[in-house]
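When reading the values below, keep in mind they use all heavy atoms of this one structure, side chains included, and skip hydrogens, waters and symmetry mates. When a residue number appears, it is its place in the shown sequence, counting from 1. On a predicted model such as this, the values are computed, not experimentally measured, just so you know.
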Amino acid sequence: MNFTLPFLPERSNKPRNIGLAMVMDKGLSLRQAEDLVETSGHLIDYIKLGFGTSIAYNGLEKKIDFYKKNNIKVYFGGTLFEAFVIRNLFEDYLKLIDKFNLCTVEVSDGSMTMDHTIKCEYISRLAKNFNVLSEVGSKNADILIPTEVWIEQMLNELEAGANKIICEARESGTVGIFDKSGKANTNLIESISQKVDLDHIIWEAPLKGQQVWFIKNFGANVNLGNISPEEIVPLETLRLGLRGDTFQEFIPEHLK
């Protein structure tokens with residue numbers, strides 16, 4: 001930090017297991033990536049090359065190497081994994097992640113139907129050589145997954161070898177753990193938090209109000225994902241109580 005203040009919540013430092021931030025890169029240029037890392041690389045743990053964007057822009061290898069050299073775990077979005085799997089090209093997917101020397105992979109089934117046992121088999125196979133993030137939840141707002149199924153799948157995927165479980169919200173923040181208006185499904189989230197260790201969960205929360213809700217309910221070191229590049233520093237101020245939305249969260253009562 002550039003200066004200190006009393007009564008700020010203690011924040012974990014990289015490499016860390018809690019207080020993680022996963023940023024969505026939907027096609028940043030190398031120059032934009034350099035600017036992002038210069039200003040806020042210390043706040044970013046994961047960068048997801050969103051959905052299938054990695055197929056469509058120049059300089060992919062250089063950008064991946066740049067992120068890795070700056071201690072950021074970079075990986076292809078889960079939709080790309082699904083795009084290979086639905087075409088029966090999983091072995092080609094393995095060659096792709098080896099080609100770009102990636103250490104982290106995402107396993108998801110949000111855009112396709114996949115037997116959960118098969119999904120866990122993919123996780124187990126990948127976990128032998130990679131840091132696996134698995135994602136639970138559908139990208140289709142009309143598909144409602146019962147709470148007990150969310151919990152069961154999350155626990156099964158952790159047992160299969162996933163390092164973290166991502167709770168689906170999409171980049172819009174209007175599906176999965178949120179309703180179509182972006183409001184948190186509090187019953188679902190609270191039920192999950194009672195059964196699954198919070199340290200193992202990354203909650204997708206692309207909207208400021210969603211980030212505020214998680215910080216107020218789970219603290220400054222909650223793991224959050226799908227953060228846009230321009231919002232990573234503002235998110236840190238929310239975590240520290242240096243923005244109006246969370247200003248009172250960490251102030252002692254005698255000062256309020």
Side-chain angles (χ1 to χ4, degrees), residues 17 20-26 45-55 60 64 67-68 72-140 143 145-146 149-171 175-177 188 192 195-206 223-227:
N17 190 50
L20 301 173
M22 176 263 280
V23 167
M24 172 84 83
D25 177 340
K26 298 190 293 183
D45 303 278
Y46 289 99
I47 283 189
K48 172 165 60 177
L49 304 177
F51 30 99
T53 54
S54 52
I55 200 172
L60 177 62
I64 288 174
Y67 283 141
K68 290 172 61 180
I72 295 173
K73 298 180 180 71
V74 56
Y75 64 98
F76 295 136
T79 301
L80 189 64
F81 162 81
E82 294 179 52
F84 275 83
V85 168
I86 203 169
R87 292 169 171 81
N88 296 314
L89 294 173
F90 177 68
E91 297 299 328
D92 286 11
Y93 181 75
L94 291 177
K95 293 176 183 177
L96 180 69
I97 54 181
D98 283 340
K99 174 184 176 181
F100 289 100
N101 198 27
L102 294 177
C103 299
T104 298
V105 297
E106 181 180 333
V107 175
S108 67
D109 58 352
S111 298
M112 63 177 288
T113 299
M114 185 187 302
D115 183 89
H116 195 247
T117 300
I118 294 175
K119 183 182 181 185
C120 288
E121 289 174 357
Y122 281 122
I123 293 170
S124 295
R125 180 172 176 183
L126 288 164
K128 294 176 181 178
N129 298 300
F130 302 97
N131 171 40
V132 177
L133 308 178
S134 66
E135 186 175 68
V136 172
S138 175
K139 297 184 184 302
N140 187 339
I143 297 177
I145 302 174
V149 175
W150 275 84
I151 295 170
E152 180 182 14
Q153 290 187 354
M154 292 174 74
L155 292 174
N156 287 344
E157 291 174 23
L158 286 169
E159 185 177 357
N163 181 260
K164 301 290 183 188
I165 305 294
I166 301 170
C167 285
E168 177 70 74
R170 299 198 72 174
E171 59 175 312
V175 300
I177 53 175
L188 172 61
I192 290 172
K195 298 292 185 179
V196 184
D197 189 335
L198 286 174
D199 292 355
H200 293 148
I201 304 173
I202 298 176
W203 309 95
E204 290 189 343
N223 301 324
L224 298 175
N226 276 18
I227 310 302

To the closest 0.5 Å, what do you measure between CE (M112) and OG1 (T79)? 11.0 Å

Side chain proximity check, S108 to E168, heavy atoms < 4.5 angstrom: no

With a 3.5 Å distance limit and no angle check, can you tell me whether N223 reaches the backbone of D199 through a side-chain donor-acceptor pair? yes

State the CG-CG distance between D115 and D109, to the nearest 0.5 angstrom. 10.0 Å

Could you grab the distance from atom CG of L126 to atom CG of L94, nearest 0.5 Å is fine? 6.0 Å

Over 12 foreign heavy atoms within 6.0 Å of CD1, I145: yes

Is the closest side-chain heavy-atom distance between I165 and V196 below 4.5 Å? no

Between the main-chain N or O of N101 and the side-chain N or O of K68, is there a donor-acceptor pair closer than 3.5 Å? yes

Quick check for you: to the nearest 0.5 Å, what is the distance between L102 atom CG and N129 atom CG? 13.0 Å

Between the NZ atom in K164 and the OG1 atom in T104, the distance rounded to the nearest 0.5 Å is 12.0 Å

Do E106 and S134 have side chains that approach each other closer than 4.5 Å (heavy atoms only, starting at C-beta)? no

With no hydrogens and no angle check, just 3.5 Å: does a side-chain donor-acceptor pair link N226 and K48? yes

Knowing that exactly one of F51, Y122, F76, Y75 qualifies, which makes a ring-ring contact (aromatic ring centres under 6.0 Å, His included) with F81? Y122

For the residue pair D98 and K95, establish whether any side-chain heavy-atom pair is separated by less than 4.5 Å. no

